[in-house]
Protein chains: 2
Amino acid sequence: MNQHSTLKKPKTMTEPRTARGKRTRDKILQAAASEFGSKGFHETGITDITKTAGVALGTFYTYYKSKEIVFRALVSHMGELTREWISTRIAGAPDRLSAERMGIAAFIEFAREHKDLYRIVMEAQFVANDSYVEYYSIFAESYTRNLADAAKKGEIRSGHDEERAWALIGMSVFLGLKYGVWDDTRDPSEIADAVSDLLENGLGIK
Amino acid sequence: MNQHSTLKKPKTMTEPRTARGKRTRDKILQAAASEFGSKGFHETGITDITKTAGVALGTFYTYYKSKEIVFRALVSHMGELTREWISTRIAGAPDRLSAERMGIAAFIEFAREHKDLYRIVMEAQFVANDSYVEYYSIFAESYTRNLADAAKKGEIRSGHDEERAWALIGMSVFLGLKYGVWDDTRDPSEIADAVSDLLENGLGIK
DNA sequence: TTTAAAGTTGAATGTTGATTCATGTTTCAT
DNA sequence: ATGAAACATGAATCAACATTCAACTTTAAA
């Protein structure tokens with residue numbers, strides 16, 4: 001049974017087919033971002049989302065098969081947002097070391113401006129781990145490539161690109177957490193300066 | 001009402017008063033660590049814990065007022081474990097840079113040997129954020145102090161101790177996640193070597 | 001040995017919240 | 001203008017648990 005999809009089933013939950021539909025789905029996604037971001041996945045009820053979106057409870061299920069699925073949609077949506085945020089902000093960097101400094105500042109600013117989104121990504125580790133792994137793996141791959149390229153250009157010493165990429169990502173994530181989310185009294189570029197000195201010269205004397 | 005504590009109330013939930021009691025509370029804590037560690041906070045039921053511990057459901061509440069409270073107990077218990085693990089492993093370091101290398105390796109090994117515990121700490125961010133903040137803040141404080149001391153001894157360039165501490169912690173945490181939890185095919189000391197070169201000399205040429 | 005305190009038990013309670021669905025409304029291609 | 005497909009609605013369903021509690025057993029101090 002259900003061999004061929006000529007049946008009226010709930011269909012494969014495709015795109016909205018109407019302007020109104022798109023608008024509604026969007027309101028729901030926005031609301032979900034806001035609710036998940038402020039209260040977290042488990043504290044957020046579907047009714048919280050629909051109330052914020054201004055639609056009825058059942059409408060949620062017209063667009064998303066489950067609570068977890070909106071969450072996943074959000075995470076990948078935010079992967080794009082983050083990448084865009086960072087890349088536009090380091091676009092003008094003259095070399096890799098400047099790019100690192102700008103990247104760190106951008107990360108902290110992102111965390112600060114989007115505390116909610118930042119939280120969603122982190123919580124993905126426990127709600128949709130594969131999305132989380134993907135999120136950072138994509139980052140790490142492109143980071144690794146950038147380091148390799150910079151080494152080829154002679155801007156940095158070469159080697160250990162992947163390990164360095166993960167180390168640098170971890171750095172940024174934690175700096176974003178500490179100086180973006182937990183404590184936003186500091187100037188992000190100050191932090192970036194402090195840390196980029198470490199990246200340029202290491203901890204060693206001279 | 002309940003002005004003075006001469007009443008028989010459930011008392012203030014103090015220590016077990018009996019050898020048997022201590023044993024039981026311990027079995028419960030162990031079981032909780034194992035269950036929370038493998039399934040996470042929300043997927044774990046109190047019955048999972050008591051089943052694993054080999055006690056009746058109600059017994060749980062003799063020792064812990066709520067699910068969240070065992071979780072918190074676990075997090076702070078593990079703060080101690082982690083600190084001990086790291087500090088015994090960097091104890092013999094001749095200087096700060098070696099200590100950093102050993103610390104990174106130790107962190108990765110810790111993550112690998114205690115994947116469960118590692119997960120609990122991270123999940124604390126969403127279950128008991130204040131415990132999480134405390135966990136890393138304690139780390140950061142002692143790290144900051146160590147860096148300052150090392151600078152005083154002339155082992156590293158001085159300055160930006162706090163920012164550096166958070167950056168280094170983030171590094172370790174992510175390396176632990178990547179090369180400890182997600183991918184344990186690599187040799188931790190190899191990773192540590194790769195990254196400690198970065199710490200010693202930075203990315204810069206020369 | 002006695003017995004009050006400590007510990008153990010698991011059925012019962014009560015709430016919460018995700019998901020379903022039958023019915024009503026709106027859209028838009030014709 | 002019209003009707004079939006899309007969309008919207010929210011009351012009802014249903015299962016999952018956290019927590020409580022009254023009855024029972026074990027411990028250990030005197």
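So you know, we letter chains A, B, ... as the sequences are listed, proteins then strands, and number each from 1. As the structure is a computational prediction, the values presented were derived from the model and not from experiment.
- The CG atom of B:Asn129 lies 14.5 Å from the OH atom of B:Tyr135; values are rounded to the nearest 0.5 Å.
- As a whole-Å value, the separation of B:Tyr64 OH from C:dG7 P is 13 Å.
- Atom OH in A:Tyr61 sits roughly 18 Å away from atom P in D:dC7 (whole-Å rounding).
- For A:Lys39, the salt bridge (Lys or Arg N to Asp or Glu O under 4.0 Å) partners at least two apart in sequence or on another chain are A:Glu35, A:Asp48.
- Of the inter-residue distances, the one linking A:Phe110 atom CZ with A:Thr82 atom OG1 reads 3.5 Å to the nearest 0.5 angstrom.
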Show each protein N/O and nucleotides 9-12 of chain D N/O combination with a separation under 3.5 Å, one pair to a line.
residue: D:dT9; atom: OP2; partner: A:Ala56; partner atom: N; Å: 2.7
residue: D:dT9; atom: OP2; partner: A:Thr59; partner atom: OG1; Å: 3.1
residue: D:dG10; atom: N7; partner: A:Gly58; partner atom: N; Å: 3.0

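- You'll find the side chain of B:Leu203 reaches within 4.5 Å of the side chain of A:Leu97, heavy atoms only.
- Residues A:Met171 and A:Phe107 have side chains not in contact (no heavy-atom distance under 4.5 Å, counting atoms from C-beta outward).
- Taking the side chain as every heavy atom from C-beta outward, B:Val70 and B:Phe60 approach each other to under 4.5 Å.
- In this structure, A:Leu177 and B:Tyr136 have side chains that are not in contact, with every pair of non-hydrogen atoms separated by 4.5 Å or more.
- Heavy-atom distances under 4.0 Å link DNA chain D to A:Thr24 of residues 23-32 of chain A, given in residue order.
- In this structure, CD of B:Glu68 is placed 18 Å from P of D:dC17, rounded to the nearest angstrom.
- In terms of the salt bridge (Lys or Arg N to Asp or Glu O under 4.0 Å) criterion, residue partners of A:Asp193 (sequence neighbours excluded) are, by chain and number, A:Arg101.
- For the pair B:Arg17 CZ and C:dA4 P, the computed distance is 17 Å after rounding to whole Å.
- In this structure, B:Glu35 atom CD and D:dC17 atom P are separated by 13 Å, rounded to whole Å.
- The side chain of A:Arg20 contributes no N or O atom lying less than 4.0 Å from OP1 or OP2 of C:dT26.
- The phosphate of D:dA8 (OP1 or OP2) has a side-chain N or O of A:Tyr63 nearer than 4.0 angstrom.
- Residues from residues 38-47 of chain A that place a heavy atom under 4.0 Å from any atom of DNA chain C, listed by number: A:Thr44, A:Gly45, A:Ile46.
- Ring pair A:Phe41/A:Phe126: centre-to-centre distance not below 6.0 Å.
- When distances are taken from the side chain of B:Ser66 to each of C:dC28, D:dT19, D:dA8, the shortest belongs to D:dT19.
- Qualifying side chain to side chain donor-acceptor pair (under 3.5 Å) partners for B:Tyr118, counting only residues two or more places apart in sequence or in other chains: none.
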